[in-house]
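Every value quoted in this text rests on a predicted model; they were computed, and no experiment measured them. Below, chain A is the first sequence line, B the second, and so on; all start at residue 1.
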There are 2 protein chains.
Amino acid sequence: MAAALSKREQNKVEKRGRIIAAARALFTHKGFEATTTQEIAEAADVAAGTIFSYARTKDDLLILVFHDEMMDVVERAYGAAKSHVGLVDQTVAFFETIVAYHERDLPLAHALMRQLGFVGGAEQRALVAELMTRLLGCLAKLVEGAKSAGEVGATSPLAPAARSLFAIYYLHLGALLSGYLDRAQFDRALRTDLGLLLRGLD
Amino acid sequence: MAAALSKREQNKVEKRGRIIAAARALFTHKGFEATTTQEIAEAADVAAGTIFSYARTKDDLLILVFHDEMMDVVERAYGAAKSHVGLVDQTVAFFETIVAYHERDLPLAHALMRQLGFVGGAEQRALVAELMTRLLGCLAKLVEGAKSAGEVGATSPLAPAARSLFAIYYLHLGALLSGYLDRAQFDRALRTDLGLLLRGLD
DNA sequence: CACATAAAATGAGTGCGCTCAAATATATTG
DNA sequence: CAATATATTTGAGCGCACTCATTTTATGTG
């Protein structure tokens, strides 16, 4: 039995769920900036002030919405990666899946990138950390697979490799979303730089 | 003779300078969030609304302030890098100089990271692009030096190498500023991952 | 069950970023 | 030098994120 929850705790969990769902619907439908916290409160059937005992700021709400969706996207991305061979093709497929998700709602992706630039709230930080752990875990598994296939040296440390792959992706994602790169340039630069990491500079 | 400026253009340049200077002083002294655009306007001796014909948002003002300072910091960082030997030590010295600058005012650095997550304004985007070009140019020169010294393969492409070095730094900087890493962990991870890029995964 | 204590929700109020119609300063033209 | 056109500034006003004193709801106790 999962529920050893007091009535208070039940109410909080349920209310939290309503708020996040309402925020997700409104952000998707009207855009992040165009959505007011009042509207979210009304849609979730709580008072205006209640929002802010579940998320310190409107921005923090975005992290809550994003976390749930992104956990699924990462799973899908890992599935897409495994249907390819070769570490570069696999990681490209992995990241392209995530990019495709962001491209469905560019304004929301912009707001998200902005928010991820600095994460203030403790709960939000924990959620992002959880997501990053999952994501880096997927990349590490891909690197480990490449090791087994002899594509990558047996001494390559997994965690730094996963971090570096992600770092390259993340920089280019920012450039894509901020408009420094178009999609074709992004694809080319991503593949080039991931390949460079694989081979190294020397 | 530099000034083929009409009276209008003179006024604009001068006013812009006053606004940026006032913003810099107040951001440094009171912090970014605690500073109101009213205060900036008063300090710059312009009306409240005038600010917003020079920067579309308060956030955009931060980019204006940041750009000028950062151009100098990058120069200093390059100087620091050249006093080391070996590409990893050089790039570490380069990035540590920039980190030291951010550490002088952490709240401001947080605001900045947030703002860089997505850059909306056209002028701001151009300023960031200019800064990035300069920064990546420095890194490319360091890689080229390592090539001459035989530390790095002659076929390594400079631009992707510079981008990847920066990508690794930038990810860790975000982790440091958001509190995922402390300074010691940052130093270690940065060195490890830059080294990994140099040697490659295979 | 009555009472006390703590936790959570409420919503009117507040301050600030930003807008925009009107005013002012600069440029242009006959 | 008027007179007209255009660019820039102005600041009162607006909408929204967020606060906080008050009220409501849940839990613990005799």
Side-chain angles (χ1 to χ4, degrees), chain A residues 3-20 22-23 26-27 29-65 107-108 111 114-115 118-124, chain B residues 3-20 22-23 26-27 30-65 107 111 114-115 118-124:
Chain A
L5 293 177
S6 69
K7 183 156 190 189
R8 267 208 182 133
E9 285 161 328
Q10 278 176 33
N11 282 344
K12 284 196 78 173
V13 168
E14 190 214 335
K15 220 165 254 197
R16 193 188 126 104
R18 289 213 308 276
I19 290 170
I20 295 177
L26 284 162
F27 289 165
H29 189 252
K30 304 189 53 173
F32 177 72
E33 263 113 64
T35 301
T36 68
T37 55
Q38 267 297 340
E39 290 173 311
I40 297 170
E42 280 162 26
D45 197 37
V46 296
T50 304
I51 298 279
F52 299 98
S53 61
Y54 289 85
R56 292 203 343 266
T57 65
K58 184 186 175 186
D59 289 329
D60 280 355
L61 260 180
L62 192 60
I63 298 283
L64 297 181
V65 169
L108 202 59
R114 209 156 174 298
Q115 184 57 16
F118 176 66
V119 181
E123 188 194 356
Q124 276 67 27
Chain B
L5 294 177
S6 68
K7 182 154 191 190
R8 265 204 183 139
E9 285 162 328
Q10 277 176 35
N11 282 344
K12 284 197 80 172
V13 169
E14 190 213 335
K15 220 164 255 197
R16 192 188 127 105
R18 288 214 308 276
I19 290 170
I20 294 177
L26 284 163
F27 288 166
K30 305 190 53 176
F32 177 71
E33 264 113 61
T35 300
T36 67
T37 54
Q38 266 297 339
E39 290 173 311
I40 297 170
E42 281 162 26
D45 197 36
V46 296
T50 304
I51 299 279
F52 298 98
S53 61
Y54 289 85
R56 291 202 343 266
T57 66
K58 185 186 174 186
D59 289 330
D60 279 356
L61 260 181
L62 192 60
I63 299 283
L64 296 181
V65 169
R114 208 157 176 297
Q115 182 58 16
F118 176 67
V119 181
E123 189 195 356
Q124 276 67 25

inquiry  = Can you see if the side chain of Tyr54(B) gets near the phosphate of dT9(D) - specifically, an N or O under 4.0 Å from OP1 or OP2?
reply    =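 For dT9(D), OP1 or OP2 has a side-chain N or O of Tyr54(B) closer than 4.0 Å.
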
ask   = Can a side chain N or O of Lys15(B) be found less than 4.0 Å away from OP1 or OP2 on dT8(D)?
value =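 For dT8(D), neither OP1 nor OP2 has a side-chain N or O of Lys15(B) closer than 4.0 Å.
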
message = With heavy atoms of chain A within less than 4.0 Å as the criterion, where does contact along DNA chain C begin and end?
response = dA6(C) to dG11(C)

Measure the spacing between [atom1] of [X] and [atom2] of [Y] and express it to the nearest 0.5 Å.
X: Tyr54(A); Y: Leu64(A); atom1: OH; atom2: CG; answer: 12.0 Å
X: Asp59(B); Y: Gln124(B); atom1: CG; atom2: CD; answer: 10.0 Å
X: Thr57(B); Y: Leu62(B); atom1: OG1; atom2: CG; answer: 9.5 Å
X: Ile19(A); Y: Ile51(A); atom1: CD1; atom2: CD1; answer: 4.5 Å
X: Glu14(B); Y: Arg18(B); atom1: CD; atom2: CZ; answer: 5.0 Å

task = Give a yes or no on whether the backbone of Phe32(B) and the side-chain of Lys58(B) come within a donor-acceptor separation of less than 3.5 Å.
result =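 Yes; judged by distance alone, with no hydrogens or angles, the pair exists.
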
Length of the line joining [X]:[atom1] and [N]:[atom2], which is rounded to integer Å:
X: Arg18(B); N: dT8(D); atom1: CZ; atom2: P; value: 15 Å
X: Lys58(A); N: dT19(D); atom1: NZ; atom2: P; value: 15 Å
X: Glu33(B); N: dC18(D); atom1: CD; atom2: P; value: 10 Å
X: Lys30(A); N: dC16(D); atom1: NZ; atom2: P; value: 8 Å

ask   = With a 4.0 Å cut-off on heavy atoms, is Thr50(B) in touch with a base, just the backbone sugar-phosphate, or nothing at all?
value =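 Since a base atom lies under 4.0 Å of Thr50(B), the category is base.
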
key: Residue pair Ala48(B) / Ala41(B): nearest heavy atoms and the distance that separates them   = CA-CB, 3.8 Å

task = Determine the minimum heavy-atom distance between Asp60(B) and Gly121(B), stating which atoms define it.
result = OD2-CA, 4.3 Å

ask   = Can you name the salt bridge (Lys or Arg N to Asp or Glu O under 4.0 Å) partners of Glu33(A), sequence neighbours left out?
value = none

inquiry  = Give the residues of residues 35-46 of chain B touching DNA chain D, defined as any heavy atom closer than 4.0 Å, sorted by residue number.
reply    = Val46(B)

Interface polar pairs with nucleotides 25-28 of chain D, N/O, under 3.5 angstrom:
from	atom 1	to	atom 2	distance (Å)
dA26(D)	N3	Arg8(A)	NH2	3.3
dT27(D)	OP1	Lys7(A)	N	2.9
dT27(D)	OP1	Arg8(A)	N	3.3

task = Output every pair passing side-chain hydrogen bond (donor to acceptor under 3.5 Å, both in side chains) with a member in residues 35-52 of chain A, not counting sequence neighbours, ordered by first then second residue.
result =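 side-chain hydrogen bond (donor to acceptor under 3.5 Å, both in side chains) check on residues 35-52 of chain A returns Lys30(A)-Glu39(A), Thr36(A)-Glu39(A).
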
query = If you fit an axis to the five pairs at each end of the helix from dC1(C)-dG30(D) to dG30(C)-dC1(D), how big is the angle between those two axes, to 10 degrees?
reply = 10°

